[in-house]
Every structure is written in C-alpha cells, then in structure tokens.
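The block underneath contains the structure these notes are about, expressed in structure tokens.
Predicted model only: the values in this text are computed from it and were never measured. The sequence lines fix the lettering, A, B, ..., with proteins before strands; numbering per chain opens at 1.
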Number of protein chains: 2
Amino acid sequence: MNVRTLCLGILTYGDASGYEIKKAFQERLSLVFDAGFGSIYPALNKLTEDGFVSCRAEAQSKRPDKKVYSITTEGQLKFLDDLQQQPAEDKFRSEALTTLLFAHLLQPRNVSELIDEIITNYEQNIDVLSKGCDIKRSHSEKFLCGFGVTVRKAAITYMQDNRHLVEAESLLSQNAAE
Amino acid sequence: MNVRTLCLGILTYGDASGYEIKKAFQERLSLVFDAGFGSIYPALNKLTEDGFVSCRAEAQSKRPDKKVYSITTEGQLKFLDDLQQQPAEDKFRSEALTTLLFAHLLQPRNVSELIDEIITNYEQNIDVLSKGCDIKRSHSEKFLCGFGVTVRKAAITYMQDNRHLVEAESLLSQNAAE
DNA sequence: ATTCTTTATATCGAACTGATATATATCGGT
DNA sequence: ACCGATATATATCAGTTCGATATAAAGAAT
C-alpha cells in the first residue's frame, strides 16, 4: 500500500484533481496515512502512464485551470487487489517522546515543560478531532476518528500518571552531576 | 531531529559500531524512532565528515572487522542543541486501519477478519513489550515501554467496542450491491 | 501596499525504506 | 554434505516520500 494505491482509493469516491486528492488525504486519511503534493503528483503521473487513471483538463473561472483524474476499470481492479494485500506493520514516530529518552541529559525543568507540551498537544489534537468526528460522512471515518481520540486520551492519562519516572531520572542525573 | 541526531544520542552512551547502533535503535528507540542500515551508515559517514564523530577500525577474531564510532565534543554539543529544538508533530501510519476506511468495498467476512488480525497483532505487540519492560535499564525506557502497552490496550478495547460500526458499513454496502 | 489564504499544478534536494550484497562463523534440520 | 537460519559486520541501491519551494490568479485582512 502506498500513495498510488490511496490516490486510486480516493478516486473510487469520484473524479478529483490533484489538489482535491490532497484535501481528501487531509480530511479523511490524515490520521492513518498522510501524503503531500510531492508524492501525490508523481503518483498520479505514474498511475496515468500505467493506465490506472485517466486525466482531462478543465478550465475554471476565477480559478487556475485544473486537471481532473478518473479511475479506470483497470485502476478499480488494482485498487481492490492492493486493498486485500497483507497490510504492513503500523509505523509510529515521535520526536517528543524520543527526547524523553534522553531526559537524563536535560534540565529537570525542561523535562517537565516538555511533558506538559506533549500533553497539551494531545489535548489540542483531541479537541480538533472531537469537533470533526460527528460530521464525518461514513461510519468507518467516525470509527477512526474515535480511535484517534481514544488512544490520545489513554496517552495523556498514562503520561500524567507516570511522568514522575522520567522527571526523577532528570533530577537524579542532575544531582549526580553536582 | 533525524537519524544523525539519534546516532549521536546513542553514542553518548558509549562508543559503538554501525551494527551496534542499529541494535540500539531496535532495542531502545524502535517504539518512537526506528532506523535501518540504509540510513544509519550514510548518517555516520556524514557525521564523521562534519567532525561530530570520529571512527577507528578494530579487528576481531571470528568476526568481521568493525568500525567503532565515538562522539566528539562538537558532536556532544550538537546533540544537546538538537535535543532542545522544538520536536515535530508525531507521525503515525497504519495500512491496516487505512484498509478499514474502505470497508464498504470489502466482503463483510474479510472486514471482520481484518479487525481480528489487527487486534491480534496489537496483543502480540503487548506481549513482546510486556516481557521487555521490566528489563529496561532506564526509567525513561520503562516509561516508553509502558506507554506502548497502554496505547495498544486502549486501541484494542476501542476496536472491540466499536467494530460493529465498520462491520455494519461493509454489510450495508454488500446488501446495497445485491 | 503588503501579507495571508485559497485554489491550482508542479518540482526539488534531502532523507528514509526495504532489499540486497559481501564476509565469516555457528547451529539445527534434512 | 548441504541448506536455511541466525549472528556479527560493513555497505549500497532504487524507489518512495517529505517538506519546502515555485508559479499563477483571486480575494480578504492588516
């Protein structure tokens, strides 16, 4: 599964321009698979070359012209096939949590502030997500939205309950340095 | 923060070869920032060029020769500086959950099986993590291990409680197609 | 007047991924 | 004896993606 697959997936909902596909990634897929223009446009070009999508140009008033992409039958088949492949393992990357691994090298005050920031950031994400969950159009989108809220809530609770472990490590190593 | 930063971070614990650095990524950082040989070796080469690490060759018996990298003072300063930069937003990617967004295109049986697999996979991850949390050497490592277990447990509970939303969507669209 | 936002297409250099290659050694299974 | 798996080692490759940037036009806000 890659950006090409998901461009096909988005086009199963209907024809769209590259810009609209990016917006669909942002609105519907960003919690689980985000992509930027730098990968979307090359993907669309490759899909077009390979016959999985077709493309027509459309002029607009007061707007730049746009290229509208449609999925072909071949593209539909490829998408369904890709969809049934064994999914890869989830991937997660967090610079903030990585920083906490080196708490012993930071000032205790900085460690506490970082933990506060992480929690605040998760809270803000929950806020934004919660506002959007109810207006999601499909059940599976609501499902994923709820998923995003749930894991962030669990993360916050865990961090509040266990922050002392990391804070103590920073304090201890500062004392040891003195 | 990138692989170069974290190679420096790992070297603050002590000298290491490229292979050992990869193992440190796997054992200590994989929950929050994983990296493979394809990025570690170029990172080490760049760090060496830039004077942030130095490198000496060591012969071994019954083992291939190894190149041992040490962090320089300059490298220490760079790592600490990088560590205090504003961390980027967390990134999460899940092909399995992405697939659920297209549940309406899958057979209901396949949707249910996929959900079961996702849950099983999280349970296995929890198993592996739980076995390792107690033998982690630092509090911050234990903290992150516990974090990984907690969010996966929350994810499992959420999925069990809400799977019917996604399963219903698949059923409904199959009925509509008939 | 300038900056920001939106709608549009597109590209670039840097970073990373996953696979692969090479080398040596050991172990277990056929 | 051979093969595959595993471990210790270094290294590279093609493909993919990221984040920034560029261009264009229009409207809104400062």
Side-chain angles (χ1 to χ4, degrees), chain A residues 1-8 15-27 29-30 32-50 53 55-69 82 85-93 95 98, chain B residues 1-8 15-27 29-30 32-50 53 55-69 82 85-93 95 98:
Chain A
M1 187 180 279
N2 53 29
V3 174
R4 287 200 295 263
T5 305
L6 295 179
C7 286
L8 291 179
D15 298 353
S17 66
Y19 186 83
E20 284 162 347
I21 288 167
K22 170 66 164 73
K23 284 181 63 181
F25 264 102
Q26 229 165 327
E27 287 163 10
L29 288 168
S30 65
V32 289
F33 204 117
D34 208 8
F37 289 122
S39 33
I40 290 169
Y41 283 109
L44 288 171
N45 288 337
K46 188 68 169 63
L47 288 170
T48 307
E49 274 172 42
D50 293 346
V53 307
C55 171
R56 67 179 188 271
E58 265 187 27
Q60 292 185 103
S61 63
K62 297 187 179 183
R63 291 260 187 274
D65 289 3
K66 72 175 167 184
K67 292 170 70 168
V68 178
Y69 296 87
D82 284 359
Q85 301 303 308
Q86 178 70 22
E89 198 74 27
D90 292 359
K91 291 185 177 55
F92 177 67
R93 179 167 288 189
E95 294 188 6
T98 302
Chain B
M1 186 181 281
N2 54 28
V3 175
R4 289 200 295 263
T5 306
L6 296 180
C7 286
L8 290 179
D15 298 352
S17 65
Y19 185 84
E20 284 162 346
I21 288 168
K22 170 66 164 72
K23 284 180 65 181
F25 263 103
Q26 230 165 328
E27 287 164 10
L29 289 168
S30 63
V32 289
F33 204 118
D34 208 7
F37 289 122
S39 34
I40 290 171
Y41 282 110
L44 288 171
N45 288 336
K46 186 69 168 63
L47 288 169
T48 307
E49 272 171 41
D50 293 345
V53 307
C55 173
R56 68 179 188 269
E58 266 187 24
Q60 293 185 103
S61 64
K62 295 185 180 185
R63 290 261 187 277
D65 290 3
K66 71 178 171 183
K67 293 170 67 169
V68 178
Y69 296 87
D82 284 358
Q85 300 304 308
Q86 178 70 18
E89 196 77 25
D90 292 358
K91 291 184 179 54
F92 177 66
R93 179 167 288 188
E95 296 188 4
T98 301

Item checked: Evaluation steps, salt bridge (charged side-chain N to carboxylate O under 4.0 Å, His left out), between R93(B) and E95(B) -> CA-CA 7 Å; R93(B) 179 167 288 188; E95(B) 296 188 4; over 6 Å; no

Item checked: Pair T5(A)-Q85(A), side chain to side chain contact (heavy atoms under 4.5 Å, CB included): steps then yes or no -> CA-CA 11 Å; T5(A) 305; Q85(A) 301 303 308; over 6 Å; no

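Counting any heavy atom pair closer than 4.0 Å across all strands shown, G18(B) reaches sugar-phosphate atoms only and no base atom. Base engagement by S39(B) is indicated by at least one non-hydrogen atom pair under 4.0 Å involving a base atom. Residue A35(A) is classed as a sugar-phosphate contact, given heavy-atom separations below 4.0 Å to backbone atoms only. Among the atoms of the strands shown, only primed sugar atoms or phosphate atoms (P, OP1, OP2) are found under 4.0 Å from some heavy atom of K23(B). The residue G38(A) sits close to a base: some heavy atom pair falls under 4.0 Å.
Y69(A) has its OH atom 13 Å from the P atom of dA8(C), to the nearest Å. Rounded to whole Å, the distance from CG on N2(A) to C1' on dG18(C) is 13 Å. Straight-line distance from the CD atom of E58(A) to the C1' atom of dT7(C): 14 Å, rounded to whole Å. Rounded to whole Å, the distance from CD1 on I21(B) to P on dC16(C) is 14 Å. Atom P of nucleotide dA15(C) and atom CZ of F25(B) are separated by 14 Å, given to the nearest angstrom. Atom pair K22(B):NZ and dT20(C):C1' shows a separation of 14 Å (rounding to whole Å applied). Separating the NZ atom of K46(A) from the C1' atom of dT11(C) is a distance of 19 Å, rounded to the nearest angstrom. Across the protein-nucleic acid pair, M1(B) atom CE and dC16(C) atom C1' stand 16 Å apart, rounded to whole Å.
Here the range on DNA chain D touched by chain A, meaning any atom under 4.0 Å from one of its heavy atoms, is dT16(D) to dG27(D).
One finds no salt bridge joining E89(A) and K91(A) here, because no Lys/Arg side-chain nitrogen approaches an Asp/Glu carboxylate oxygen to under 4.0 Å.
Between C7(A) and V53(A), the closest side-chain pair of non-hydrogen atoms is not below 4.5 Å. Counting heavy atoms from C-beta outward, R4(A) and D82(A) have side chains that stay 4.5 Å or more apart.
The phosphate of dG18(C) has OP1 or OP2 within less than 4.0 Å of a side-chain N or O from K91(A). Contact annotation: Y41(A) reaches the phosphate of dT9(C) (side-chain N/O to OP1 or OP2, under 4.0 Å).
The NZ atom of K22(B) sits 9.0 Å away from atom OG of S30(B), with the distance rounded to the nearest 0.5 Å.
Residue Q60(B) is the one, among Q60(B) and R93(B), whose nearest nucleotide of DNA chain D lies closer to the 5' end (criterion: closest heavy atom).
In this structure, the nucleotide among dT9(C), dA15(C), dT17(C) sitting nearest to the side chain of R4(B) is dA15(C).
F33(B) and F25(B) have tilted rings, their planes meeting at an angle from 30° to 60° on a 0 to 90° scale.
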